[in-house]
Amino acid sequence: MKPFVYESRAQRVLFGAGTLAQVAAEVEALGARKALVLCTPPQRAQAEQVAGLLGERAAGVFDGAVMHVPMAAAREARAVAQRLGADCAVAVGGGSTIGLGKAIALDSGLPILAVPTTYAGSEMTPIYGLTEEGVKRTGRDLRVLPRTVIYDPQLSLGLPVGLSVVSGINAMAHAAEGLYADDANPVTQLMAEEGLAALGRALPAIHADSGNRQARADALYGAWLCGTVLGSVAMALHHKLCHTLGGSFNLPHAETHTIVLPHALAYNAPAAPAATTRIARALGAADAPLALYELALRHGAPVALRQIGLREEDLDRACALAMQNQYPNPRPLEAAALRRLLQNAYDGVPPAA
Ligand SMILES: NC(=O)c1ccc[n+]([C@@H]2O[C@H](COP(=O)([O-])OP(=O)(O)OC[C@H]3O[C@@H](n4cnc5c(N)ncnc54)[C@H](O)[C@@H]3O)[C@@H](O)[C@H]2O)c1
Ligand SMILES: O=C(O)CCC(=O)CC(=O)O
């Protein structure tokens, strides 16, 4: 075994059906007295329920979370938190809502308590993303890492099946890329394989029955592990492509991950054979990129960028943007090969190296 560094993160995690009932005690344990509850507009009722559980510890509900965290939304949320005298943010929702909490914490140091209701995994990372003037900027800062996470699978029962599948594959992307990260280590690789296997089992079961509580719990467990991997090691080509496509062309995040992942893995497979074998093993498949393509196709997820609103004439600009400020990647980025990858993802054909 090669020498390595593993940095653990200080977070408190409550996992299991009914754990949301602990939210007020957990806010108190953070030493906070006024929590601003964050959500998207469609999740306002869920956020109001959490505010009800918080009682007098609730400063209010702010429902301005938007995908890719536009700077304007971040500024508004920061101003509301300040105006209401909030000393804590409780983010009830997916990556967009947790991302809004991170935008507040980055500015103010306010602690975040995350209640994830999708499988994006943001609650386990010190990574934030902010979008301004059509460019998504990401960074790492320990101030944005949620201090407490409540994984209550009951809250994800209402996540539509389509969103559940793409969100789960978003999490799987964190683990898959984590397996070939240049700073990967045996501990994160163990979590990555376990996370991939848990989601590989859970997503078909949720597709068959969205009310399957065991599958909902498995998916959250997988999201936890995959998110931890993302938060611990470097991202590579796949995440760079998704951030470019999401931030510059306003494509939906989890769907973009779902479509790009098989193609990014096929691009990297010749340079990362051990990681590719481990992904396949976790999924019980012979061919990792194809297994992920089929997981999406068989469970009703989009497999083509043209299906989610990208225009073919945007592919050249997407390729040029992805070549800028590259993330470390096992296979060097070649513009012509990357352009082919994007064309394949646009057309929705099976992945090819
Ligand atoms: N920083 C990180 O580590 C990290 C990791 C992953 C994703 N992200 C970010 O997260 C964002 C995407 O997050 P997402 O894919 O979770 O989507 P999202 O948070 O935008 O949620 C998608 C939609 O589903 C709704 N929803 C969420 N949970 C629901 C539930 N249980 N029942 C019914 N509706 C529900 C939301 O209100 C929203 O309308 C992107 O901006 C992405 O960049 C960040
Ligand atoms: O937008 C962010 O917060 C960064 C997203 C990220 O790094 C993980 C992802 O692309 O799913």
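Both counts, for ligands and for their atoms, begin at 1 and track the order of listing.
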Student: Tell me, yes or no, whether the heavy-atom count around Arg9 atom CZ, taken from other residues, nucleotides or ligands under 6.0 Å, exceeds 12.
Tutor: yes
Student: Are more than 12 heavy atoms from other residues, nucleotides or ligands located less than 6.0 Å from atom CD of Glu7?
Tutor: no
Student: What residue and atom, counting heavy atoms only, is the protein's closest point to atom 15 (O) of ligand 1, and at what distance?
Tutor: Ala254 CB, 4.0 Å
Student: Between Glu193 and Arg281, is there a salt bridge with N-O shorter than 4.0 Å?
Tutor: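 The answer is yes: the pair qualifies as a salt bridge.
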Student: Short list, please: which atoms of ligand 1 are under 4.0 Å from a heavy atom of Gly94?
Tutor: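 The atoms of ligand 1 under 4.0 Å from a heavy atom of Gly94 are 16 (O), 19 (O).
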Student: Determine, using heavy atoms of His243 and all atoms of ligand 1, whether some pair is separated by less than 4.0 Å.
Tutor: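 No, that is not the case, since the closest heavy atom of the residue is not under 4.0 Å from the ligand.
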Student: So between Ala45, Ser96, Ala171, whose heavy atom ends up nearest atom 18 (P) of ligand 1?
Tutor: Ser96
Student: Side chain, backbone, both or neither: which part of Val69 comes within less than 4.0 Å of ligand 2 when only heavy atoms are counted?
Tutor: neither
Student: Just jot down the ligand 1 atoms closer than 4.0 angstrom to any heavy atom of Ala120, in number order.
Tutor: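 Close to Ala120: 5 (C), 6 (C), 7 (C), 16 (O).
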Student: Run the contact test for Val69 against ligand 1 with a 4.0 Å cut-off on heavy atoms, strictly below, and give the result.
Tutor: no
Student: So with a 6.0 Å cut-off around CD of Gln82, is the heavy-atom count from everything else above 12?
Tutor: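 Incorrect, the count does not exceed 12.
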Student: Can you list the ligand 2 atoms lying under 4.0 Å from a non-hydrogen atom of His239?
Tutor: 8 (C), 9 (C), 10 (O)
Student: Take Arg339 and Gln343, measure what side-chain hydrogen bond (donor to acceptor under 3.5 Å, both in side chains) needs, and give me the verdict at the end.
Tutor: CA-CA 6 Å; Arg339 181 61 179 77; Gln343 187 71 48; 2.9 Å; yes
Student: Among protein heavy atoms, which lies nearest atom 4 (C) of ligand 2, and at what distance?
Tutor: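 The closest heavy atom on the protein side is Thr138 CG2, 3.8 Å.
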Student: For residues Val5 and Asn185, determine if any side-chain heavy atom of one lies less than 4.5 Å from a side-chain heavy atom of the other.
Tutor: no
Student: State the atoms of ligand 1, each with its element, that fall below the 4.0 Å cut-off from a heavy-atom position in His68.
Tutor: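 Those of ligand 1 that fall under 4.0 Å from His68 are 41 (O).
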Student: Can you find an N/O atom of Ile127 closer than 3.5 Å to an N/O atom of ligand 1?
Tutor: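 N/O-N/O distance under 3.5 Å: yes.
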Student: Looking at Lys102, which atoms of ligand 1 are within less than 4.0 Å of one of its heavy atoms?
Tutor: 1 (N), 2 (C), 3 (O)
Student: Is the closest N or O pair between Asn170 and ligand 1 shorter than 3.5 Å?
Tutor: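 Min N/O separation from ligand 1 is not below 3.5 Å for Asn170.
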Student: List the closest protein heavy-atom neighbour of atom 3 (O) of ligand 2: residue, atom name, distance to the nearest 0.1 Å.
Tutor: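 For atom 3 (O) of ligand 2, the nearest protein heavy atom comes out as Gly129 N, 3.2 Å.
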Student: Give the contacting part of Thr125 toward ligand 1: side chain, backbone, both or neither, where contact means a heavy-atom distance below 4.0 Å.
Tutor: side chain
Student: Could you check if a side-chain atom of Tyr180 sits within less than 4.5 angstrom of a side-chain atom of Leu265, using non-hydrogen atoms only?
Tutor: yes
Student: Tell me: protein heavy atom nearest atom 11 (O) of ligand 2, and distance?
Tutor: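 Going atom by atom, the protein heavy atom closest to atom 11 (O) of ligand 2 ends up being His253 NE2, 2.8 Å.
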Student: Between His257 and ligand 2, which part of the residue brings a heavy atom under 4.0 Å of the ligand: side chain, backbone, both or neither?
Tutor: side chain
Student: Calculate, to the nearest 0.5 Å, the distance between atoms CG and CG belonging to Leu54 and Leu36 respectively.
Tutor: 10.5 Å
Student: With hydrophobic residues grouped by side-chain heavy-atom distances under 4.5 Å, do Val61 and Val115 end up in a single group?
Tutor: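 Cluster IDs for Val61 and Val115 match.
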Student: Given the rule in the side-chain hydrogen bond (donor to acceptor under 3.5 Å, both in side chains) test, do Thr97 and Gln43 qualify, once you have shown the distances and angles that lead to the verdict?
Tutor: CA-CA 10 Å; Thr97 303; Gln43 286 185 277; 4.7 Å; no
Student: Ligand 2 versus Thr125, non-hydrogen atoms closer than 4.0 Å: side chain, backbone, both, neither?
Tutor: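 For Thr125, no heavy atom sits under 4.0 Å from ligand 2.
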Student: Considering heavy atoms of the protein only, find what lies nearest to atom 28 (N) of ligand 1 and give residue, atom and distance to 0.1 Å.
Tutor: Thr117 OG1, 2.7 Å
Student: Using a 4.0 Å cut-off to any heavy atom of Leu163, which atoms of ligand 1 qualify?
Tutor: 23 (C), 24 (O)
Student: Look at the side-chain heavy atoms of Ile, Leu, Val, Met, Phe, Trp and Tyr, link any pair under 4.5 Å apart, and say whether Leu100 and Val66 land in one connected group.
Tutor: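 Result: no, two separate clusters.
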Student: Please list, in number order, the atoms of ligand 1 under 4.0 Å from a heavy atom of Thr40.
Tutor: 36 (C), 37 (O)
Student: With nothing but distance in play, are any N or O atoms of Thr118 less than 3.5 Å from an N or O of ligand 1?
Tutor: yes
Student: For atom 17 (O) of ligand 1, state which one of Met67, Met124, Glu255 supplies the nearest heavy atom.
Tutor: Met67
Student: Run down the list Ser122, Gly139, Gly158, Gly231 and name the one with the heavy atom closest to atom 4 (C) of ligand 1.
Tutor: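 Heavy atom nearest to atom 4 (C) of ligand 1 belongs to Ser122.
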Student: Just need the protein heavy atom nearest to atom 31 (N) of ligand 1, so name the residue and atom and give the distance.
Tutor: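 Nearest neighbour among protein heavy atoms for atom 31 (N) of ligand 1, to 0.1 Å: Leu155 O, 3.0 Å.
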Student: Without swapping roles, check the side chain of Asn329 against the backbone of Ala236 for a donor-acceptor pair under 3.5 Å.
Tutor: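 Flag not set: sc Asn329 to bb Ala236 has no pair under 3.5 Å.
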Student: Please write down residue, atom name and distance for the protein heavy atom closest to atom 10 (O) of ligand 2.
Tutor: His243 NE2, 2.7 Å
Student: Apply side-chain hydrogen bond (donor to acceptor under 3.5 Å, both in side chains) to Tyr119 and Arg216, showing your working.
Tutor: CA-CA 10 Å; Tyr119 309 126; Arg216 290 292 187 181; 2.9 Å; yes
Student: Linking I/L/V/M/F/W/Y whenever their side-chain heavy atoms sit closer than 4.5 Å, directly or via other members, would Leu38 and Leu110 fall into one cluster?
Tutor: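 As far as the 4.5 Å side-chain criterion goes, Leu110 and Leu38 are connected within one cluster.
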Student: Where is the nearest protein heavy atom to atom 14 (P) of ligand 1: which residue, which atom, and how far?
Tutor: Gly95 N, 3.6 Å
Student: So, is His174 polar-close to ligand 1, with some N/O to N/O distance under 3.5 Å?
Tutor: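 Not met; the criterion fails.
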Student: Check whether Leu290 and Ile279 end up in the same hydrophobic cluster, where Ile, Leu, Val, Met, Phe, Trp and Tyr are linked by side-chain heavy atoms less than 4.5 Å apart.
Tutor: no
Student: Do Leu241 and Val303 belong to the same hydrophobic cluster, where Ile, Leu, Val, Met, Phe, Trp and Tyr are linked whenever their side-chain heavy atoms lie under 4.5 Å apart, directly or via other members?
Tutor: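 No; tracing contacts between hydrophobic side chains, which count when under 4.5 Å, never links both residues.
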Student: Tell me, do Thr125 and His174 make a side-chain contact under 4.5 Å, heavy atoms counted?
Tutor: no
Student: How far is atom 39 (O) of ligand 1 from its nearest protein heavy atom, and which residue and atom is that?
Tutor: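 Protein heavy atom with the smallest distance to atom 39 (O) of ligand 1: Pro42 CG, 3.8 Å.
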Student: For atom 40 (C) of ligand 1, find the nearest protein heavy atom and state the residue, atom name and distance (0.1 Å precision).
Tutor: His253 CG, 3.6 Å
Student: Tell me if the CZ atom of Arg33 is crowded by more than 12 foreign heavy atoms within 6.0 Å.
Tutor: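 Atom CZ in Arg33 is not crowded, with 12 or fewer foreign heavy atoms closer than 6.0 Å.
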Student: With nothing but distance in play, are any N or O atoms of Gln43 less than 3.5 Å from an N or O of ligand 1?
Tutor: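 N/O-N/O distance under 3.5 Å: yes.
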Student: Give the atom numbers and elements of ligand 2 that come within less than 4.0 Å of a heavy atom of His174.
Tutor: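 Under 4.0 Å from His174, ligand 2 has these atoms: 8 (C), 9 (C), 11 (O).
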Student: Taking both backbone and side-chain atoms of Tyr128, is any N or O found less than 3.5 Å from an N or O belonging to ligand 1?
Tutor: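 Tyr128 vs ligand 1: no N/O contact under 3.5 Å.
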Student: Counting from 1, what ligand 2 atoms have a heavy atom of Tyr128 closer than 4.0 Å?
Tutor: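 Those atoms are 3 (O).
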Student: Quick one: does Met235 get within less than 4.0 Å of ligand 2, heavy atoms only?
Tutor: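 True for this residue.
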Student: Can Glu26 and Arg57 be counted as an ion pair, charged N to O under 4.0 angstrom?
Tutor: no
Student: Where do Asn250 and His68 land on the side-chain hydrogen bond (donor to acceptor under 3.5 Å, both in side chains) test, with the steps shown first?
Tutor: CA-CA 8 Å; Asn250 199 27; His68 306 306; 4.7 Å; no
Student: For ligand 2, which atoms have a heavy atom of Asn170 less than 4.0 angstrom away?
Tutor: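 It comes down to these atoms of ligand 2: 11 (O).
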Student: Which residue and atom name correspond to the protein heavy atom nearest atom 43 (O) of ligand 1, and how close is it?
Tutor: Lys136 NZ, 2.7 Å
Student: Could you tell me, atom by atom, which parts of ligand 2 come under 4.0 Å of a heavy atom of Leu230?
Tutor: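 Numbered from 1, ligand 2 contributes 8 (C).
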